[in-house]
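Take a look at the structure below.
Chain A is the first sequence line, chain B the second, and so forth, proteins listed ahead of strands; every chain is numbered from 1.
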Amino acid sequence: EDQVTQSPEALRLQEGESSSLNCSYTVSGLRGLFWYRQDPGKGPEFLFTLYSAGEEKEKERLKATLTKKESFLHITAPKPEDSATYLCAVQAWDTGTASKLTFGTGTRLQVTL
Amino acid sequence: DGGITQSPKYLFRKEGQNVTLSCEQNLNHDAMYWYRQDPGQGLRLIYYSQIVNDFQKGDIAEGYSVSREKKESFPLTVTSAQKNPTAFYLCASSGLFDNTGELFFGEGSRLTVL
(Lines give C-alpha, C1' and ligand atoms only; values in the text may rest on other atoms or scores of the structure.)
Protein backbone atom coordinates (compact mmCIF):
# COMPACT_ATOMS: atom_id res chain seq x y z
CA GLU A 1 0.00 0.00 0.00
CA ASP A 2 1.32 3.41 -0.97
CA GLN A 3 1.89 5.82 1.94
CA VAL A 4 2.74 9.49 2.25
CA THR A 5 3.78 11.15 5.52
CA GLN A 6 4.25 14.88 5.81
CA SER A 7 6.04 16.78 8.55
CA PRO A 8 5.67 18.96 10.43
CA GLU A 9 1.88 19.09 10.74
CA ALA A 10 2.06 22.83 11.28
CA LEU A 11 4.80 25.42 10.88
CA ARG A 12 4.84 29.04 11.89
CA LEU A 13 7.49 31.29 10.31
CA GLN A 14 8.27 34.94 10.41
CA GLU A 15 8.43 36.77 7.11
CA GLY A 16 11.84 36.16 5.56
CA GLU A 17 12.58 33.08 7.71
CA SER A 18 13.39 30.23 5.31
CA SER A 19 12.49 26.62 6.08
CA SER A 20 11.65 23.24 4.54
CA LEU A 21 8.65 20.92 4.55
CA ASN A 22 9.18 17.18 4.37
CA CYS A 23 7.27 14.48 2.50
CA SER A 24 8.31 10.86 3.09
CA TYR A 25 6.81 8.23 0.85
CA THR A 26 6.63 4.52 0.17
CA VAL A 27 5.28 3.46 -3.19
CA SER A 28 5.45 0.34 -5.30
CA GLY A 29 7.03 2.21 -8.18
CA LEU A 30 7.07 6.00 -8.30
CA ARG A 31 5.51 7.49 -11.40
CA GLY A 32 5.35 11.00 -10.01
CA LEU A 33 5.42 13.03 -6.80
CA PHE A 34 3.18 16.09 -6.64
CA TRP A 35 3.05 19.20 -4.50
CA TYR A 36 -0.15 21.17 -4.13
CA ARG A 37 -1.07 24.32 -2.24
CA GLN A 38 -4.49 24.54 -0.57
CA ASP A 39 -6.02 27.70 0.85
CA PRO A 40 -8.76 27.38 3.53
CA GLY A 41 -12.09 26.33 2.02
CA LYS A 42 -10.62 25.98 -1.47
CA GLY A 43 -9.51 23.17 -3.73
CA PRO A 44 -5.82 22.29 -4.02
CA GLU A 45 -3.76 24.18 -6.59
CA PHE A 46 -1.00 22.36 -8.46
CA LEU A 47 2.58 23.47 -7.80
CA PHE A 48 5.09 20.85 -9.01
CA THR A 49 5.56 17.34 -10.33
CA LEU A 50 8.83 15.48 -9.74
CA TYR A 51 9.55 12.23 -11.55
CA SER A 52 12.99 10.98 -10.56
CA ALA A 53 15.50 11.22 -7.73
CA GLY A 54 17.73 14.26 -8.02
CA GLU A 55 15.14 16.33 -9.85
CA GLU A 56 14.46 19.87 -8.66
CA LYS A 57 11.82 22.43 -9.65
CA GLU A 58 11.39 26.05 -8.66
CA LYS A 59 8.59 28.56 -8.64
CA GLU A 60 9.10 31.97 -7.10
CA ARG A 61 10.07 31.36 -3.44
CA LEU A 62 9.42 27.60 -3.61
CA LYS A 63 11.79 24.84 -4.60
CA ALA A 64 10.90 21.15 -4.59
CA THR A 65 13.49 18.37 -4.49
CA LEU A 66 13.20 14.59 -4.66
CA THR A 67 15.18 11.62 -3.35
CA LYS A 68 14.29 7.93 -3.47
CA LYS A 69 12.52 8.15 -0.12
CA GLU A 70 11.42 11.73 0.38
CA SER A 71 10.76 15.13 -1.08
CA PHE A 72 11.38 18.55 0.37
CA LEU A 73 9.59 21.80 -0.32
CA HIS A 74 12.01 24.60 0.47
CA ILE A 75 10.53 28.03 1.11
CA THR A 76 12.99 30.89 0.80
CA ALA A 77 12.22 34.24 2.43
CA PRO A 78 8.50 33.50 2.77
CA LYS A 79 5.83 36.18 2.71
CA PRO A 80 2.44 36.18 4.48
CA GLU A 81 0.75 35.27 1.18
CA ASP A 82 2.60 31.95 1.26
CA SER A 83 0.44 30.92 4.22
CA ALA A 84 -1.52 27.82 3.20
CA THR A 85 -1.59 24.07 3.60
CA TYR A 86 0.91 22.28 1.39
CA LEU A 87 -0.06 18.80 0.23
CA CYS A 88 2.22 16.09 -1.09
CA ALA A 89 0.94 13.20 -3.19
CA VAL A 90 2.40 10.24 -5.07
CA GLN A 91 1.29 8.30 -8.11
CA ALA A 92 2.44 4.74 -8.67
CA TRP A 93 3.08 3.11 -12.03
CA ASP A 94 0.52 0.38 -11.38
CA THR A 95 -2.41 2.82 -11.33
CA GLY A 96 -2.77 2.75 -15.09
CA THR A 97 -3.48 5.87 -17.10
CA ALA A 98 -5.69 7.50 -14.48
CA SER A 99 -4.10 9.95 -12.03
CA LYS A 100 -4.92 8.04 -8.86
CA LEU A 101 -2.92 9.92 -6.28
CA THR A 102 -2.21 9.03 -2.65
CA PHE A 103 -2.11 12.18 -0.53
CA GLY A 104 -0.42 13.06 2.72
CA THR A 105 -2.24 14.99 5.44
CA GLY A 106 -0.46 18.23 4.64
CA THR A 107 1.65 20.84 6.40
CA ARG A 108 -0.20 23.95 7.52
CA LEU A 109 2.14 26.92 7.05
CA GLN A 110 1.58 30.29 8.65
CA VAL A 111 3.87 33.21 7.81
CA THR A 112 3.63 36.25 10.05
CA LEU A 113 4.96 39.79 9.70
CA ASP B 1 -12.08 30.56 -18.41
CA GLY B 2 -11.35 26.85 -18.36
CA GLY B 3 -11.84 25.06 -15.10
CA ILE B 4 -13.92 22.86 -12.86
CA THR B 5 -17.16 24.04 -11.30
CA GLN B 6 -18.62 22.36 -8.24
CA SER B 7 -22.01 23.12 -6.78
CA PRO B 8 -23.37 23.74 -4.29
CA LYS B 9 -20.50 25.14 -2.22
CA TYR B 10 -22.35 24.42 1.02
CA LEU B 11 -25.06 21.82 1.57
CA PHE B 12 -26.98 20.70 4.62
CA ARG B 13 -28.78 17.39 4.71
CA LYS B 14 -30.92 15.55 7.18
CA GLU B 15 -30.00 12.01 8.07
CA GLY B 16 -31.58 9.48 5.74
CA GLN B 17 -31.62 11.78 2.72
CA ASN B 18 -29.65 11.32 -0.48
CA VAL B 19 -27.84 14.35 -1.89
CA THR B 20 -26.17 14.94 -5.26
CA LEU B 21 -23.09 17.09 -5.74
CA SER B 22 -22.49 18.55 -9.17
CA CYS B 23 -19.14 18.69 -10.99
CA GLU B 24 -18.68 20.18 -14.47
CA GLN B 25 -15.42 20.75 -16.35
CA ASN B 26 -14.63 22.57 -19.60
CA LEU B 27 -10.98 21.50 -19.82
CA ASN B 28 -11.75 18.71 -22.30
CA HIS B 29 -10.24 16.22 -19.86
CA ASP B 30 -11.03 12.54 -20.23
CA ALA B 31 -10.67 11.59 -16.57
CA MET B 32 -12.63 12.87 -13.60
CA TYR B 33 -12.35 12.08 -9.89
CA TRP B 34 -14.10 12.56 -6.58
CA TYR B 35 -12.07 12.92 -3.40
CA ARG B 36 -13.18 13.35 0.19
CA GLN B 37 -11.21 15.49 2.66
CA ASP B 38 -11.59 15.22 6.44
CA PRO B 39 -9.63 17.12 9.11
CA GLY B 40 -6.35 15.41 9.88
CA GLN B 41 -6.65 13.01 6.97
CA GLY B 42 -5.30 13.09 3.45
CA LEU B 43 -7.60 13.30 0.47
CA ARG B 44 -9.21 9.92 -0.16
CA LEU B 45 -10.43 8.74 -3.56
CA ILE B 46 -14.13 7.88 -3.78
CA TYR B 47 -14.70 7.18 -7.49
CA TYR B 48 -13.03 7.97 -10.77
CA SER B 49 -13.93 7.79 -14.44
CA GLN B 50 -11.63 7.61 -17.45
CA ILE B 51 -14.29 7.60 -20.15
CA VAL B 52 -17.98 8.33 -20.62
CA ASN B 53 -20.32 5.64 -19.30
CA ASP B 54 -17.54 3.96 -17.31
CA PHE B 55 -16.27 4.49 -13.77
CA GLN B 56 -14.33 2.65 -11.09
CA LYS B 57 -14.47 2.53 -7.31
CA GLY B 58 -11.76 4.23 -5.35
CA ASP B 59 -10.67 3.49 -1.80
CA ILE B 60 -13.88 4.58 -0.03
CA ALA B 61 -16.76 4.03 -2.48
CA GLU B 62 -19.25 2.53 -0.01
CA GLY B 63 -22.33 4.73 0.39
CA TYR B 64 -21.62 6.77 -2.76
CA SER B 65 -22.70 6.51 -6.39
CA VAL B 66 -21.67 8.32 -9.57
CA SER B 67 -22.60 8.59 -13.23
CA ARG B 68 -20.70 9.75 -16.32
CA GLU B 69 -23.22 10.37 -19.07
CA LYS B 70 -21.28 13.30 -20.55
CA LYS B 71 -17.56 13.97 -20.78
CA GLU B 72 -17.99 17.29 -19.01
CA SER B 73 -20.04 16.08 -16.05
CA PHE B 74 -19.40 13.69 -13.14
CA PRO B 75 -22.04 14.05 -10.40
CA LEU B 76 -21.63 12.35 -7.02
CA THR B 77 -24.58 11.10 -4.97
CA VAL B 78 -24.06 10.68 -1.26
CA THR B 79 -26.61 8.10 -0.23
CA SER B 80 -28.21 7.45 3.14
CA ALA B 81 -25.99 4.37 3.36
CA GLN B 82 -22.92 6.54 3.88
CA LYS B 83 -22.36 6.37 7.63
CA ASN B 84 -20.35 9.54 8.09
CA PRO B 85 -21.09 11.86 5.15
CA THR B 86 -20.12 15.19 6.73
CA ALA B 87 -16.97 16.21 4.86
CA PHE B 88 -15.42 18.46 2.21
CA TYR B 89 -15.83 16.93 -1.24
CA LEU B 90 -13.44 17.74 -4.08
CA CYS B 91 -13.90 17.02 -7.75
CA ALA B 92 -10.87 16.88 -10.04
CA SER B 93 -10.01 16.15 -13.65
CA SER B 94 -6.94 15.21 -15.64
CA GLY B 95 -5.84 14.50 -19.17
CA LEU B 96 -5.20 10.79 -19.62
CA PHE B 97 -2.54 10.83 -22.24
CA ASP B 98 -0.41 13.87 -21.46
CA ASN B 99 1.62 11.84 -18.95
CA THR B 100 1.84 14.65 -16.42
CA GLY B 101 -0.56 13.12 -13.90
CA GLU B 102 -1.55 16.62 -12.81
CA LEU B 103 -4.99 16.92 -11.24
CA PHE B 104 -7.04 20.09 -11.60
CA PHE B 105 -9.40 20.59 -8.66
CA GLY B 106 -12.68 22.40 -8.22
CA GLU B 107 -13.41 24.70 -5.27
CA GLY B 108 -15.09 21.94 -3.27
CA SER B 109 -18.49 21.28 -1.74
CA ARG B 110 -18.90 21.15 2.03
CA LEU B 111 -21.64 18.76 3.12
CA THR B 112 -23.01 18.84 6.65
CA VAL B 113 -25.45 16.24 7.89
CA LEU B 114 -27.72 17.51 10.63
Side-chain angles (χ1 to χ4, degrees), chain A residues 1-10 23-27 29-52 55 57 59 64 66 71 84-108, chain B residues 3-7 9-10 21 23 25 27 29-51 54-61 68 74 87-112:
Chain A
E1 183 181 335
D2 303 335
Q3 284 193 321
V4 177
T5 303
Q6 292 188 245
S7 61
E9 284 188 20
C23 171
S24 299
Y25 65 90
T26 55
V27 64
L30 182 68
R31 183 173 180 177
L33 184 140
F34 303 82
W35 282 99
Y36 284 85
R37 169 192 169 124
Q38 186 176 24
D39 293 308
K42 304 284 188 181
E45 177 185 344
F46 172 77
L47 291 174
F48 305 108
T49 309
L50 301 167
Y51 295 104
S52 57
E55 189 176 359
K57 288 193 176 173
K59 181 180 180 179
L66 180 65
S71 176
T85 296
Y86 291 85
L87 304 175
C88 175
V90 297
Q91 181 185 17
W93 276 107
D94 61 3
T95 60
T97 53
S99 295
K100 292 171 61 183
L101 305 188
T102 299
F103 283 83
T105 55
T107 293
R108 190 172 64 254
Chain B
I4 299 178
T5 302
Q6 290 187 240
S7 63
K9 190 169 178 64
Y10 299 96
L21 308 180
C23 179
Q25 56 101 356
L27 299 168
H29 283 164
D30 292 292
M32 297 186 74
Y33 312 78
W34 276 105
Y35 281 88
R36 171 180 171 143
Q37 188 172 35
D38 296 281
Q41 297 196 44
L43 275 70
R44 292 180 290 168
L45 182 63
I46 304 172
Y47 268 99
Y48 67 101
S49 168
Q50 300 181 77
I51 195 170
D54 188 42
F55 47 82
Q56 287 77 42
K57 293 181 179 180
D59 301 318
I60 56 165
R68 187 89 186 275
F74 192 42
F88 189 51
Y89 291 89
L90 288 159
C91 179
S93 69
S94 71
L96 276 182
F97 304 106
D98 58 6
N99 289 321
T100 66
E102 176 186 342
L103 289 178
F104 292 80
F105 284 90
E107 294 281 273
S109 292
R110 185 168 298 282
L111 172 64
T112 302

Ring-face cation contact, B:Phe88 with B:Arg110, 6.0 Å cut, 45° max: yes

Side chain from CB out, backbone as N, CA, C, O: work out which of these in B:Leu45 comes under 4.5 Å of a heavy atom of chain A, or both, or neither. side chain

Would the distance check show the side chain of B:Trp34 and the main-chain N or O of B:Gly58 forming a donor-acceptor pair, the cut-off being under 3.5 Å? no

For chain B, which candidate among A:Gly41, A:Pro44, A:Gly32 shows the most heavy-atom pairs at distances under 4.5 Å? A:Pro44

Closest heavy-atom contact between B:His29 and B:Arg68? O-NH2, 3.8 Å

Could you look at B:Gln41 and say if it's the side chain, the backbone, both or neither that has a heavy atom under 4.5 Å from chain A? backbone

Please flag which part of A:Gln38 lies under 4.5 Å from any non-hydrogen atom of chain B: side chain, backbone, both or neither. side chain

Please tell me whether B:Phe74 and B:Phe55 form a close aromatic pair, meaning their ring centres lie under 6.0 Å apart. no

Can you tell which part of B:Leu103 gets under 4.5 Å to a heavy atom of chain A, answering side chain, backbone, both or neither? both

Backbone of B:Glu102 reached by a side-chain donor or acceptor of B:Ser94 within 3.5 Å: no

Which region of A:Leu87, side chain (C-beta onward) or backbone (N, CA, C, O), has a non-hydrogen atom less than 4.5 Å from a non-hydrogen atom of chain B, or is it both or neither? side chain

